[in-house]
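Data first, discussion second: the structure below is written as structure tokens.
Along the sequence shown, residues are numbered consecutively beginning with 1. The shown structure was predicted, so the numbers you read here are calculated from the model rather than taken from an experiment. What you see below is based on every heavy atom in this structure, not just the backbone, and it leaves out hydrogens, waters and symmetry mates.
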Amino acid sequence: MMPFHVDLDIGTSGVTCVHTSFESRGERCAGTLLLPAGRARPPVIVMAHGFGAPRAAGLLAFAERFVAEGYAAYVFDYRNFGDSDGEPRHWVSPRRHLQDWSAAVAHVRSLSQIDAARIVLWGTSFSGGHVIRTAAFDREIRAVVAQVPHVSGLVSLMRTPIGLSLRMTLAAMRDIVGSVFGKPHYSPIVGQPGELAALTGDDASHGYVRLLPAGMPWDNRMLSRVFLEVPLYSPIRHARRVSAPTLIVAGRRDTITPAHAARRAAQRMRNGEFHLVDGNHFQMHLHDEHAFATNIAIQIDFLRRHLGVELKAATETDPQAHS
């Protein structure tokens, strides 16, 4: 399936959208820079989605709010997803995603429209772990926001019944062997409890689909090899290396990325801040849910405190207002 283009332009008056892609390991990743009106070189929030989702699936609900506060936002698709290039499609891989994050940050630092000294990493669910891992090895990151983050592969493994774990392992091996002969094997991203799928809690099938824009085609599938990577992927191991102020927001009723693991990650950080919101995994993403309103308010307050300025007071004629 070829990349499907989604128009990410925000309809808000005065917002400038610049489509600017970058290369990651020789393949093009699609990205869009959203610039607020009347701001000279604003701080920028770099954003990418979670497990198997393209940037068009709900990220603009957050980006719009950030831009309204005077921040720039850069949203991108991983290789093999959304508007980005790469075959085979739907390749979820923490190793590859982290490579894309590194390339995206390097690209954003090269953009003249933003303040490269004030880059914020923003991730959700699977990418919530990615931003923790990325910030641990990039000391120039100004701040980090990780909502409902995946932080521990061990926690994920322990929550999976042994029989289902065996089926996942067999599916992964079938994919790895099949890929040698050009026949990769796919498994569902979301499914019902007990089914062979990556996400089965928090009414995943219903909640995940609600993230998608109307009319957007979606294949509920991913390369099965990721089942071997997830148990070994634990960004919490690097939490103590993160020096940037980091906000972790978890859902009290989240059964996909449990709050107790996210809390432990925040406690290990020298500048970690943890908030618990009454909601499940997907309610934290959906703009018509109360959990979303609480979540975004916490994030905006955190950004205001740690970016060090009142952004609404900055103007195009006063670039030093951000200093």
query = Is the closest side-chain heavy-atom distance between Glu273 and Ile248 below 4.5 Å?
reply = no
key: Test side-chain hydrogen bond (donor to acceptor under 3.5 Å, both in side chains) applied to Arg210 - qualifying residues, sequence neighbours left out   = Asp288, Glu289
ask   = Taking atom types as modelled and ignoring hydrogens, do the side chains of His281 and Thr255 form a donor-acceptor contact shorter than 3.5 angstrom?
value = no
ask   = Got a donor-acceptor contact below 3.5 angstrom from the Asn280 side chain to the Asp254 backbone?
value = no
ask   = Side-chain contact, heavy-atom cut-off 4.5 Å: Tyr186 with Leu223?
value = yes
inquiry  = Given 3.5 Å as the limit, does a donor-acceptor pair link the side chain of Ser93 with the main chain of Arg96, or not?
reply    = yes
inquiry  = I'd like to check Pro184 versus Arg225 (side-chain heavy atoms, cut-off strictly below 4.5 Å). Are they in contact?
reply    = yes
query = Do Ile296 and Gln299 come close enough that some side-chain heavy atom pair is under 4.5 Å?
reply = yes
inquiry  = Within the 3.5 Å criterion, strictly below it, is a donor on Ser24 or Gln99 matched to an acceptor on the partner's side chain?
reply    = no
message = Counting C-beta onward and ignoring hydrogens, is there a side-chain heavy-atom pair between Leu157 and Ser165 closer than 4.5 Å?
response = yes
key: Where Ala265 and Val151 come nearest, the two heavy atoms and their spacing   = CB-CG1, 4.0 Å
message = Using only atom types and a distance under 3.5 Å, with no angle test, would you say the side chain of Asp100 pairs donor to acceptor with the backbone of Arg79?
response = yes
ask   = Would you say the side-chain atoms of Ser179 pair up with the backbone N or O of Val177, donor to acceptor, closer than 3.5 Å?
value = no
request  = Treat each ILVMFWY residue as a node, draw an edge where side-chain heavy atoms are under 4.5 Å apart, and state whether Leu228 and Val92 are in one component.
outcome  = no
ask   = Could you give the distance from CG (Asp278) to CZ (Arg252), rounded to the nearest 0.5 Å?
value = 5.5 Å
request  = Is it possible for you to say whether Phe227 and Val155 belong to one hydrophobic cluster, with membership spreading through side-chain heavy-atom contacts below 4.5 Å?
outcome  = no
task = Could you go through the side-chain contact (heavy atoms from CB on, under 4.5 Å) check for Met168 and Leu196 one step at a time?
result = CA-CA 7 Å; Met168 289 176 169; Leu196 179 61; 3.4 Å; yes
request  = May I have the step-by-step check of ring pair (Phe, Tyr, Trp, His ring centres under 6.0 Å) for Tyr233 and His130, ending in yes or no?
outcome  = CA-CA 10 Å; Tyr233 182 53; His130 299 342; 5.4 Å; yes
query = Do Glu64 side-chain atoms and Ala61 backbone N/O form a donor-acceptor pair below 3.5 Å?
reply = no
Pairing of Arg133 and Asp138 as salt bridge, 4.0 angstrom limit = no
request  = Give a yes/no verdict on a cation-pi contact between Arg241 and Phe137, requiring under 6.0 Å between NZ or CZ and the six-membered ring centre and an angle within 45° of the axis.
outcome  = yes
inquiry  = To the nearest 0.5 Å, what is the distance between CE on Met158 and OG on Ser156?
reply    = 11.0 Å
task = Give a yes or no on whether the backbone of Ser224 and the side-chain of Asp175 come within a donor-acceptor separation of less than 3.5 Å.
result = yes
request  = Apply the test side-chain contact (heavy atoms from CB on, under 4.5 Å) to residues His90 and Phe81: give CA-CA distance (whole Å), side-chain angles for both, the deciding distance (0.1 Å), then the verdict.
outcome  = CA-CA 6 Å; His90 314 293; Phe81 285 96; 4.2 Å; yes
message = Has Tyr208 got a side-chain atom pairing as donor or acceptor with Ala53's backbone, closer than 3.5 angstrom?
response = yes
task = Could you grab the distance from atom CZ of Arg159 to atom CG of Leu164, nearest 0.5 Å is fine?
result = 13.0 Å
message = According to a hydrophobic-cluster definition based on side-chain heavy atoms being under 4.5 Å apart (Ile, Leu, Val, Met, Phe, Trp, Tyr only), do Trp91 and Trp218 belong together?
response = no
message = Determine whether Met47 and Phe62 satisfy the following criterion, side-chain contact (heavy atoms from CB on, under 4.5 Å), listing intermediate values before the conclusion.
response = CA-CA 9 Å; Met47 309 174 66; Phe62 294 91; 3.8 Å; yes
query = CZ of Arg25: more than 12 outside heavy atoms within 6.0 angstrom?
reply = no
message = Quick one: does any side-chain atom of Asp77 pair with a main-chain N or O of Arg55 as donor and acceptor, under 3.5 Å?
response = yes
inquiry  = If the threshold is 4.0 Å, N to carboxylate O, is there a salt bridge linking Arg304 and Asp301?
reply    = no
query = Is there a side-chain contact between Trp101 and Ser127, using heavy atoms and a 4.5 Å cut-off?
reply = yes
ask   = Between Phe51 and His150, is the ring centre distance below 6.0 Å?
value = no
Pair Val44-Val120, side-chain contact (heavy atoms from CB on, under 4.5 Å): steps then yes or no = CA-CA 6 Å; Val44 61; Val120 179; over 6 Å; no
query = Tell me, do Phe66 and Leu34 make a side-chain contact under 4.5 Å, heavy atoms counted?
reply = no
query = Would a hydrophobic clustering, with Ile, Leu, Val, Met, Phe, Trp and Tyr connected at side-chain separations under 4.5 Å, put Val18 with Phe22?
reply = yes
query = When you measure from the side chain of Tyr74 to the backbone N and O of Thr20, does any donor-acceptor pair fall under 3.5 Å?
reply = yes
query = Would a hydrophobic clustering, with Ile, Leu, Val, Met, Phe, Trp and Tyr connected at side-chain separations under 4.5 Å, put Val209 with Phe282?
reply = yes
note = When every non-hydrogen atom of Gly58 is compared with those of His49, the smallest separation belongs to N-NE2, 4.4 Å
query = So, Gln147 versus Asn295: side-chain donor-acceptor pair below 3.5 Å or not?
reply = yes
query = Any side-chain heavy atom of Val105 sitting closer than 4.5 Å to one from Leu121?
reply = yes
query = Where is the tightest heavy-atom contact between His107 and Ser21, given as atom of each residue plus distance?
reply = CE1-O, 3.4 Å
ask   = Does Thr257 reach the main-chain N or O of Val148 with its side chain, forming a donor-acceptor pair under 3.5 Å?
value = yes
inquiry  = Taking atom NE2 as the centre, does His260 end up with more than 12 heavy-atom neighbours from other residues, nucleotides or ligands that are less than 6.0 angstrom away?
reply    = yes
